[in-house]
Amino acid sequence: MKGRAAIGLYLVLASILAVGQAISGDVLGAHDLTPAGGSPITGGLSASCLYCHAPHSGVGGATPLWNQTLSTATYTPYTSTTYSEKGNAQPPLGASSSLCLSCHDGTVAPGQTVAYKQIPMTGSMKTIDVFGTNLQGSHPFSLVLPMKDTADLVSTLVGQGATADPTGAVKLVKGNIECTSCHNPHVQAVDTINMNFLVRDGSNGQLCTACHDPNRVMSGQTNPLASWMTSAHAISASKTANQPPVGGYATVAQNACGACHASHNAAGAARLLRGANEQDCIACHNGGANVSPPAPNVFTEFAKVGHPFSTGSSVHDAQESALLNQNRHSTCVDCHNPHASNQMTTFPPPPAVRPSQNAVIGISGVDGVTVLNPAVNQYENCLRCHGTGTGKTVNPAFGYLPIRLVSAGDPLNLVPQFALTSSSSHPVMHDRASAFAQPSLLTNMLNIDGVTQGRTMGTRILCTDCHNSDDNREFGGTGASGPHGSKFTHILERRYELSQTAVRGQTITNLFPNPDLSPAGPYALCAKCHNLTIILSNSSFTEHSRHINDGISCSVCHTAHGMGAQSATISGERIVNFDASVVAPNGNAPITYNRATNTCTLTCHGHSH
């Protein structure tokens, strides 16, 4: 018996020595809590293994001779509306992830051992390495089995319990995801750049794609990662400063998933975002030094009069309906798919969705309710908020809003205004098809300087040809393109003044006489596509010159979008649809417009017509 005991003791000591020999140099890294180990927290024991393991008297059961006192905390696991699993179980006491949590949940002090009681310790763990008992911001683990198969998981994960990691290092633990699926607690620097005890090199998203497959096609499901491999974020060579942390690697492409998502302590807990909604994007798209060369400063545009972010009463969620009812908002991901967005190197002709909006969701312009995933045309994405959805309200921050005399009932619903059945409209949802000559129409849109020719005038225009950042790159500026924000009202690319009056039919209070036709003038937006000199020459309407010289804006007579309904008194050609807040009836006669005779009956600016 004594011989057997001696042999057993020898084998234990030999195994510890073998581990000690294998763990040479900085292999244990921050998990070496000895005084010479270099961890931010150190203790008095000189044998690094003993802080976690004890040859005798460790925690019993299935644990690997565990010495650190186990935490008995109750955890709040990860959950979100896009999480398809049945939930996470409480990590079984003594099982794989429970061992890690005995230090990392922060409820048990490191060095509180079973065999040696509390070892005197100095220093403290880094805040980022303490997860607490609320694990909402950590990647889910200890799932309730069996796992549920979804389109973004590799095909073998659920059915065969096998990851797609070609090295075999990323693996399930007893068919489940546990801490040790991704982390090797004994070797800190398998990944020599991101030294977080990863089981393999995690650059370019390789750790994540061991379980998540961007290319999988699954019947009846949409893969939210589709198009990731060729997206701007996946291939960007822009260098990252990692302040604030955006993954640990040198470039955006190398950080891959980690540029936007955090495996632990994610600030935007749902979907593990580094910041909730648009705050996740601001780290790189605020013009700062976090990426080099710097990305366009989108958040400078929002600081002007910008699209409204989510608020406490209108919150974005990844699972929300494509058609927003009672809940309009505009986070970055309402208009951009971060897994599929491509860099804008060219500006394709309308009406196609722009590369930066690749794979976004939209609403059909035919009926205003059919969901298009993905949207094909840019305006379809806009119709999520600016279509048939209910609960739309006027935001005073965007400036004066005309009330059109002919309306389909909801003046903020653009579907009938741009529809093919409209008597006239700007050609956003259908080709330009006016039967009347358009002598003022330019062959090319003009850039912001009002002189340089921009894109060729085709048969369609985009929403962003009018609603755009005032310094956008597409039309000659240096800022971000798109309707992020503008110094002009209604997020318009250029100045466009709308006539207003205190009393309907009476004096217009903001006249602009002796018209300024320059790029800084009150009609600059119209001048992008229309030759104002020709309009002043009365080529299409004999009273244009008089009205403009008196200082009356285009907005009094013309709607910017289109006729929202049919009218027996206003024929509506040339998008003539009077602002009912400015014009009034002429006596008892209804307000009329007749294109055939080019006449109208109304009272405006104190004059009866």
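The figures that follow rest on heavy atoms only: side chains count, while hydrogens, waters and symmetry mates do not.
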*Listed partners of Tyr83 passing ring-ring contact (aromatic ring centres under 6.0 Å, His included), at least two apart*: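 Tyr83: ring-ring contact (aromatic ring centres under 6.0 Å, His included) contacts with Tyr78.
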
**OP:** With sequence neighbours left out, write down each residue that passes ring-ring contact (aromatic ring centres under 6.0 Å, His included) with Phe309, or none if nothing qualifies.
**Re:**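 Checked Phe309 against ring-ring contact (aromatic ring centres under 6.0 Å, His included); matches are Phe302.
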
- Take atom CE in Met229; do more than 12 heavy atoms of anything else shown fall under 6.0 Å from it?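 Open.
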
How about [X] and [Y]: do any of their side-chain heavy atoms sit closer than 4.5 Å?
{"X": "Asn447", "Y": "Gln453", "value": "no"}
{"X": "Thr533", "Y": "Leu517", "value": "yes"}
{"X": "Lys304", "Y": "Phe488", "value": "no"}
{"X": "Met445", "Y": "Ile461", "value": "yes"}
{"X": "Val415", "Y": "Leu383", "value": "yes"}
{"X": "Asp579", "Y": "Tyr400", "value": "yes"}
{"X": "Arg494", "Y": "Pro519", "value": "no"}
{"X": "Tyr496", "Y": "Cys554", "value": "yes"}

Check your understanding: Which of these, Gln357, Gln378, Glu493, sits in a side chain to side chain donor-acceptor pair (under 3.5 Å) with Thr464?
Key ->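 Only match with Thr464 under side chain to side chain donor-acceptor pair (under 3.5 Å): Gln378.
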
Donor on one side chain, acceptor on other, [X] and [Y], under 3.5 Å:
{"X": "Glu320", "Y": "His329", "result": "yes"}
{"X": "Ser422", "Y": "His430", "result": "no"}
{"X": "Thr345", "Y": "Gln343", "result": "no"}
{"X": "Ser440", "Y": "His530", "result": "yes"}
{"X": "Thr542", "Y": "Asn538", "result": "no"}
{"X": "Asn327", "Y": "Ser314", "result": "no"}
{"X": "Thr331", "Y": "Ser310", "result": "no"}
{"X": "Thr390", "Y": "Gln326", "result": "yes"}
{"X": "Thr300", "Y": "Asn297", "result": "yes"}
{"X": "Arg271", "Y": "Thr82", "result": "yes"}

Roughly how far, to the nearest 0.5 Å, is [atom2] of [Y] from [atom1] of [X]?
{"X": "Ile535", "Y": "His544", "atom1": "CD1", "atom2": "NE2", "value": "6.0 Å"}
{"X": "Thr81", "Y": "Asp317", "atom1": "OG1", "atom2": "CG", "value": "3.0 Å"}
{"X": "Asn223", "Y": "Asp213", "atom1": "CG", "atom2": "CG", "value": "7.0 Å"}
{"X": "Leu225", "Y": "Thr150", "atom1": "CG", "atom2": "OG1", "value": "9.0 Å"}

Between [X] (side chain) and [Y] (backbone), is there a donor-acceptor pair under 3.5 Å?
{"X": "His484", "Y": "Gly306", "value": "no"}
{"X": "Ser499", "Y": "Ser553", "value": "yes"}
{"X": "Thr346", "Y": "Pro348", "value": "no"}
{"X": "Gln254", "Y": "Thr251", "value": "yes"}

| message | Run the salt bridge (charged side-chain N to carboxylate O under 4.0 Å, His left out) test against Arg432 and tell me which residues pass, sequence neighbours left out. | response |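 For Arg432, no residue satisfies salt bridge (charged side-chain N to carboxylate O under 4.0 Å, His left out) once neighbours in sequence are set aside.
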
Do [X] and [Y] sit within salt-bridge range, that is, some charged N less than 4.0 Å from a carboxylate O?
{"X": "Arg354", "Y": "Glu474", "value": "yes"}
{"X": "Asp516", "Y": "Arg495", "value": "no"}
{"X": "Asp465", "Y": "Arg455", "value": "yes"}
{"X": "Asp334", "Y": "Arg384", "value": "yes"}
{"X": "Asp431", "Y": "Arg460", "value": "yes"}

Under the criterion side-chain contact (heavy atoms from CB on, under 4.5 Å), I'd like the reasoning laid out for His605 against Thr507: C-alpha separation, chi angles, the key distance, then a yes or no. CA-CA 4 Å; His605 195 48; Thr507 304; 3.6 Å; yes

* Out of Cys557, Ser540, Ser424, which one pairs with Arg574 under the side-chain contact (heavy atoms from CB on, under 4.5 Å) rule? ->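 With Arg574 as partner, Cys557, Ser540, Ser424 yield a single side-chain contact (heavy atoms from CB on, under 4.5 Å), made by Ser540.
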
| Passing option when Phe398 is tested against Leu492, Val305, Thr489 for side-chain contact (heavy atoms from CB on, under 4.5 Å) |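 Exactly one pass, corresponding to Val305.
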
Stepwise side-chain hydrogen bond (donor to acceptor under 3.5 Å, both in side chains) check, Thr240 with Asn255: CA-CA 9 Å; Thr240 59; Asn255 282 305; 3.2 Å; yes

On the ring face of Phe436, is Arg595 found with NZ or CZ under 6.0 Å from the centre and within 45° of the axis?
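The answer is yes, since Arg595 meets both limits relative to Phe436.
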
task = Carefully, step by step, assess Ser341 and Ser231 under the rule side-chain hydrogen bond (donor to acceptor under 3.5 Å, both in side chains).
result = CA-CA 5 Å; Ser341 180; Ser231 71; over 6 Å; no

Exercise. Begin from the C-alpha positions of Asn549 and Leu536 and carry the test side-chain contact (heavy atoms from CB on, under 4.5 Å) through to its verdict.
Key: CA-CA 8 Å; Asn549 278 290; Leu536 279 167; 3.9 Å; yes

Output field: ring centroids His285/Phe299 closer than 6.0 Å |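 Not under 6.0 Å, so no.
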
